[in-house]
Amino acid sequence: MKPDFPFQKVPRDFFLFTYFGIIIVMKKEAIEFKILKKSSETKARTAVMTTPHGDVKTPMFMPVGTLATVKFVSPEELYDIGSQFILSNTYHCWLRPGEKIIEAAGGLHKFMNYDGPILTDSGGFQVFSLAQMRNIKEEGVYFKNHLSGDKLFLSPEKAIEIQNSLGADIIMSFDECPPFPATYEYMKDSVDRTLRWAIRGKEAHKRADQALFGIVQGGEFEDLREYSAKELVKIGFPGYAIGGTSVGEDKPTMYKMIDYGIKYLPEDKPRYLMGVGTVDAIFAGVERGIDMFDCVLPTRIARHGTAMTTLGNLNIRNKKFEEDFSTLDENCDCYTCKNYTKAYLRHLIKANEGLGMRLLSIHNLRFLLKLMEEIRESINNDSFLELKEHYYKIYDIKE
RNA sequence: GCGAUUAUGGUGAAGUGGUUAACACGGUAGAUUGUGGUUCUAUUAUGCGUGGGUUCGAUCCCCACUAGUCGCC
């Protein structure tokens, strides 16, 4: 049973609820993280994360639902394919419909009729990825609305305030996601600023039923990643993300970015690798002790006709599937694979039909979620490396 | 039957007496990482209705034929 929160302002790190009319105050985090098994082969681990909207198993993959929806996929379908967590976005929900509308609806969960745990990204990445004009200052970021061109301002406090209104289970610090490559001098300033923003965000955070995560930055610079991680830990968060990856760097560089920071993060807190969702990077991340992933890739490439399968990626648009009436992936148990043929999916995607995008989105998400199930099982069975080797072979991935 | 007019790839079409025939759609293939349902990249006519002629050289100029469109009887 989810407790109600009678007061807006609750001292952070304290948990308030009423019990037979008496207000009980408890020191408690919004989430708890309990490690179940540590891999004997690697730094991988399995755990259970308790959230206000239920328990989830890690390592996990979180489908992305930027605009309070995983594009084309309903909440019921998300439950069906084994999705545990979804990611939504501060910046996008702020612009439309507006966080106050969502708050008035009873928060994101009620608004979108999704009862599982939700994480909201802070908007820091959108400043990097969407804004043509951005002016990064100590107080925050001035930039243009990518829809209308209006001038906007987002600060650490504002990002937290919006996220408090949205009401996700996990919310993120407002960070700067610097471009790759960036100079050492730029990165040093950026990391420092992001750390100051993390402190300000933590001060501004008002809801004890939401866990605020910090974000490690520092680009590909070892000492900056170390510094960023250590300073964040001093500030203290219930979970830590690794940001600034998948911004154009190559895989070995990405893995270094993880390695440089993760060793300074506490073992007993969840680690979240932001924006990563290729098969190889998921294995590489899990191997290094990552617990959470999110990525737009499976749903985006689905809309453009690429299916992720147990036999590798497959472009359903290809002519060779014109008369192929077999199932997409015979090792998959999803709705799409149980009911539709490649030829039909090809037709739908080529005709730009929404159903095609929907069916491939469901499939790709199921593929990744099932992959995560297999990964958790392999960690528990101490056969993680064997599983990794299996998939690296299929996907023709070199270390 | 007579006159006018047009003929360029799968489609709609630009274009010029002189190396590789514009562009768009479509086709084929690839990309996509804290969302681009509308994106990006590459590739796609050894040939300009058919046959002659003029010319150093013709898809372009000339003639005939064929086919379409419009008009007249």
Side-chain angles (χ1 to χ4, degrees), chain A residues 61-73 85-93 95-96 118-131 146-147 154 159 163 168 170-180 194 213-217 239-251 253-255 257-258 271-285 290 292-308 313-322 346 348-361 364-365 368:
Chain A
F61 175 80
M62 305 181 285
V64 178
T66 304
L67 269 169
T69 170
V70 177
K71 293 185 192 297
F72 288 102
V73 186
F85 231 102
I86 61 172
L87 181 140
S88 190
N89 185 275
T90 301
Y91 171 76
H92 289 282
C93 289
L95 295 192
R96 52 184 184 188
I118 300 176
L119 181 151
T120 45
D121 185 26
S122 65
F125 187 75
Q126 280 62 44
V127 168
F128 157 79
S129 68
L130 290 175
H146 75 291
L147 301 171
L154 210 47
Q163 293 187 92
I170 296 177
I171 66 177
M172 301 303 298
S173 286
F174 185 68
D175 65 332
E176 183 191 351
C177 183
F180 180 88
T194 290
F213 280 25
I215 305 176
V216 179
Q217 290 288 356
Y240 299 89
I242 293 172
T245 60
S246 53
V247 287
E249 79 284 8
D250 57 22
K251 286 282 158 58
T253 304
M254 182 201 283
Y255 301 158
M257 288 173 171
I258 303 170
R271 294 102 168 236
Y272 164 28
L273 182 58
M274 306 187 79
V276 169
T278 57
V279 171
D280 50 347
I282 286 176
F283 275 100
I290 299 289
M292 306 162 64
F293 300 86
D294 81 279
C295 194
V296 305
L297 200 63
T299 42
R300 179 183 289 167
I301 64 177
R303 274 178 263 126
H304 293 85
T306 300
M308 307 170 84
N313 279 0
L314 162 165
N315 189 341
I316 199 70
R317 303 181 72 101
N318 289 174
K319 190 163 180 63
K320 60 186 171 190
F321 302 122
E322 192 173 29
R346 174 180 136 97
L348 291 176
I349 289 293
K350 285 187 68 84
N352 209 27
E353 282 291 342
L355 181 60
M357 302 174 187
R358 212 169 99 64
L359 292 173
L360 282 187
S361 294
N364 282 355
L365 287 178
L368 269 188

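Below, chains carry the letters A, B, ... as their sequence lines are ordered, and counting in each starts from 1.
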Residues in ring pair (Phe, Tyr, Trp, His ring centres under 6.0 Å) contact with [X], at least two apart in sequence or another chain:
{"X": "A:H92", "result": "A:H146"}
{"X": "A:Y272", "result": "none"}
{"X": "A:F283", "result": "A:F384, A:Y391"}
{"X": "A:F128", "result": "A:F125"}

Taking side-chain contact (heavy atoms from CB on, under 4.5 Å) as the definition, give me every residue that meets it alongside [X], ordered by chain and number, with sequence neighbours left out.
{"X": "A:I258", "value": "A:I242, A:Y255, A:I262, A:L273, A:R288, A:I290"}
{"X": "A:A307", "value": "A:T309, A:L314, A:L328, A:L360, A:H363, A:N364"}
{"X": "A:S122", "value": "A:Q163, A:M172, A:F174, A:D175"}
{"X": "A:N313", "value": "A:T306, A:M308, A:Y395"}

**OP:** Would you write the dot-bracket representation of RNA chain B, where each base gets (, ), [, ], | or . depending on whether it forms a Watson-Crick or G-U pair under 3.5 Å and with which partner?
**Re:** (((((((..(((.....[....)))((((((.......))))))....(((((..]....)))))))))))).
Original post:
Could you run down nucleotides 26-31 of chain B 5' to 3' and tag each one B, S or - for protein heavy-atom contact under 4.0 Å?
Top reply: -SSSSB
Subject >> Distance below 4.0 Å between A:R300 side-chain N/O and B:G37 OP1 or OP2 >> reply: no
Original post:
Heavy-atom contacts under 4.0 Å between residues 277-285 of chain A and RNA chain B, which residues?
Top reply: A:G277, A:T278
Rounded to whole Å, how long is the line connecting atom [atom1] of [X] with atom [atom2] of [N]?
{"X": "A:F61", "N": "B:U33", "atom1": "CZ", "atom2": "P", "answer": "13 Å"}
{"X": "A:I349", "N": "B:G37", "atom1": "CD1", "atom2": "P", "answer": "13 Å"}
{"X": "A:M257", "N": "B:G34", "atom1": "CE", "atom2": "P", "answer": "15 Å"}

**OP:** Taking salt bridge (Lys or Arg N to Asp or Glu O under 4.0 Å) as the test, write out the residues that go with A:K320, two or more places apart.
**Re:** none
